[in-house]
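Working notes, structure below.
Numbered from 1 within each chain, the chains take letters A, B, ... in sequence-line order. Atom set for the values below is all heavy atoms of this structure, side chains included, hydrogens, waters and symmetry mates excluded.
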Amino acid sequence: MPGRLVTRAFFEDAVEHVAPRLLGKLLVHRTRAGVIAGRVVEVEAYLGPHHATLDRAAHSHRGPTPRNQVLFGPAGHAYVYSIYGMYFCMNITCEPTGHAGCILLRALEPVLGLEQMARNRLLDRLLPFAQRTRKGRGNGEEENGALANSNEMRALASGPSRLCQALGITRTAHNGVDLLDAQSALQVRDDGFRAERVRVTARIGIRHAAELPLRFCLEKHGCVSGPKKMSGRVVVFE
DNA sequence: AGGCCGATCCTCT
DNA sequence: GAGGATCGGCCTA
């Protein structure tokens with residue numbers, strides 16, 4: 001398993017604060033077929049109903065329901081829901097118990113298990129690419145900008161439902177899972193990667209509260225989803 | 001590069 | 001009964 005487990009305290013903070021810091025962390029899935037892992041390169045924050053700003057795009061904005069109850073529980077757990085009858089999206093719960101702030105994972109850079117990702121995504125034409133790629137064979141410490149920029153790499157896990165499909169994340173198997181437990185099949189880990197330039201923009205694909213600047217991505221990273229031309233502003237981390 | 005469309009079904013009102 | 005934190009295919013330019 002690459003890197004080290006992230007701490008609970010990291011996620012027990014205000015969601016707007018945690019979201020940009022989550023960029024660069026690893027989402028790791030231990031499966032029978034082997035370890036599948038990706039680096040978080042794009043996220044969106046969703047505000048709980050306790051927040052001063054009402055976020056009508058958040059699933060929690062009218063309070064707890066059977067679907068969203070995980071959001072009101074402790075930080076560092078997976079909230080996985082199904083959408084459009086055919087896909088899943090995954091969030092990570094933040095803030096103390098009772099506060100429903102969460103972070104939607106929107107895109108990963110494939111790091112380990114690229115061949116399994118291609119199979120899970122039903123992209124058989126990408127199997128040769130995944131086998132050829134160093135990272136796919138598991139010795140993947142090296143960062144290769146050209147590879148991260150390739151259409152093949154982007155096709156694997158750029159998009160909230162694509163990344164769930166690539167890692168094999170489903171609601172029945174993973175909703176409510178503790179991502180910070182060494183026993184869990186699904187974990188968030190830190191391998192020392194530090195984000196330098198983070199772009200902040202409006203969130204994608206929502207009707208309500210569409211103007212809030214709550215989408216965060218690694219600046220100029222080839223695996224970020226959505227339009228290539230981006231507005232918003234860039235924040236430099238030291 | 002960007003816009004429109006249909007698939008498909010769960011959730012909440 | 002309506003709508004949705006999407007995706008992939010197909011269209012125009």
Side-chain angles (χ1 to χ4, degrees), chain A residues 15-16 18-20 22-23 27 38 40-49 51 53-72 77-95 100-108 110 117-126 129 149-176 199-217 220-232:
Chain A
V15 69
E16 315 95 300
V18 180
L22 184 59
L23 296 172
L27 181 64
V40 178
V41 300
E42 178 188 357
V43 299
E44 284 175 359
Y46 286 85
L47 308 177
H51 199 281
T53 300
L54 175 59
D55 183 0
R56 290 207 300 145
H59 285 185
S60 63
H61 86 276
R62 287 187 197 278
T65 68
R67 175 176 70 160
N68 69 20
Q69 58 172 338
V70 170
L71 293 177
F72 292 85
H77 291 247
Y79 167 56
V80 182
Y81 68 95
S82 71
I83 186 168
Y84 297 112
M86 31 174 62
Y87 300 113
F88 296 102
C89 293
M90 174 181 162
N91 296 254
I92 303 178
T93 61
C94 291
E95 307 178 342
C102 67
I103 299 173
L104 170 72
L105 303 183
R106 283 200 58 92
L108 305 179
M117 289 191 192
R119 290 189 205 286
N120 289 347
R121 292 266 296 126
L122 309 176
L123 296 173
D124 286 359
R125 64 180 178 83
L126 291 190
F129 164 82
N149 257 309
S150 70
N151 291 328
E152 291 92 338
M153 199 66 89
R154 185 206 305 269
L156 289 175
S158 294
S161 296
R162 286 175 168 187
L163 72 88
C164 286
Q165 196 175 20
L167 269 69
I169 296 166
T170 64
R171 185 174 108 85
T172 45
H174 302 292
N175 187 43
R199 184 167 285 269
V200 187
T201 79
R203 295 173 296 183
I204 290 182
I206 53 174
R207 294 167 50 100
H208 303 293
E211 75 291 350
L212 297 179
L214 292 175
R215 172 172 175 253
F216 305 88
C217 54
K220 297 210 171 79
H221 194 291
C223 292
V224 172
S225 76
K228 191 132 189 186
K229 293 289 181 188
M230 272 189 274
S231 50

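Applying the 4.0 Å criterion to OP1 and OP2 of C:dG3, one finds that A:Arg56 has every side-chain N and O outside that range. When the side-chain nitrogen and oxygen atoms of A:Arg121 are compared with OP1 and OP2 of C:dG8, one or more of them lie within a distance under 4.0 Å. Neither OP1 nor OP2 of B:dC10 sits under 4.0 Å from any side-chain N or O of A:Ser82. Taking side-chain N and O atoms only, A:Arg106 has no distance below 4.0 Å to OP1 or OP2 of C:dA5. Of the side-chain N and O atoms in A:Arg162, one or more sit less than 4.0 angstrom from OP1 or OP2 of C:dG8.
Atom pair A:Arg154:CZ and C:dC7:P shows a separation of 13 Å (rounding to whole Å applied). Following rounding to the nearest Å, A:Phe88 (CZ) and B:dC10 (P) show an atom-to-atom distance of 10 Å. Rounded to an integer number of Å, the gap from A:Ile83 CD1 to B:dT11 P is 12 Å. In this entry the distance linking CD of A:Glu42 with C1' of C:dT6 reads 13 Å, nearest Å. Rounded to whole Å, the distance from CZ on A:Arg67 to C1' on C:dG3 is 11 Å. As rounded to whole Å, 11 Å separates atom P of B:dC12 from atom CG of A:Leu71. One can place CG of A:Asn68 at 17 Å from P of C:dG4, the figure rounded to the nearest angstrom. The nearest whole Å value for the distance from the CE atom in A:Met90 to the C1' atom in C:dA5 is 14 Å.
The residue among A:Arg171 and A:Tyr87 whose nearest nucleotide of DNA chain B lies closer to the 5′ end is A:Tyr87.
The backbone N or O of A:Ser225 lies less than 3.5 Å from a partner atom in the side chain of A:Glu42, making a donor-acceptor pair. Judged purely by atom type and a 3.5 angstrom limit, A:Glu44 uses its side chain to pair as donor or acceptor with the backbone of A:Ile204. No donor-acceptor pair under 3.5 Å is formed between the side chain of A:Asp55 and the backbone N or O of A:Gly48.
Here the side chains of A:Leu23 and A:Arg199 are not in contact, with every heavy-atom distance at 4.5 Å or above.
C:dC7 is paired with B:dG6 under the criterion used here, namely a Watson-Crick or G-U wobble arrangement in which both key atom distances are under 3.5 Å. Taking a pair to require two hydrogen-bonding distances under 3.5 Å in either a Watson-Crick or a G-U wobble arrangement, B:dC12 pairs with C:dG1.
With hydrogens and angles left out, the side chain of A:Tyr84 and the base of B:dA7 share no donor-acceptor pair within 3.5 Å.
Candidate nucleotides B:dA1, C:dG4, C:dA5 were compared by shortest atom distance to the side chain of A:Arg207, and C:dG4 ranks first.
Judged by distance alone, the side chains of A:His51 and A:Glu95 never bring a donor and an acceptor atom under 3.5 Å apart.
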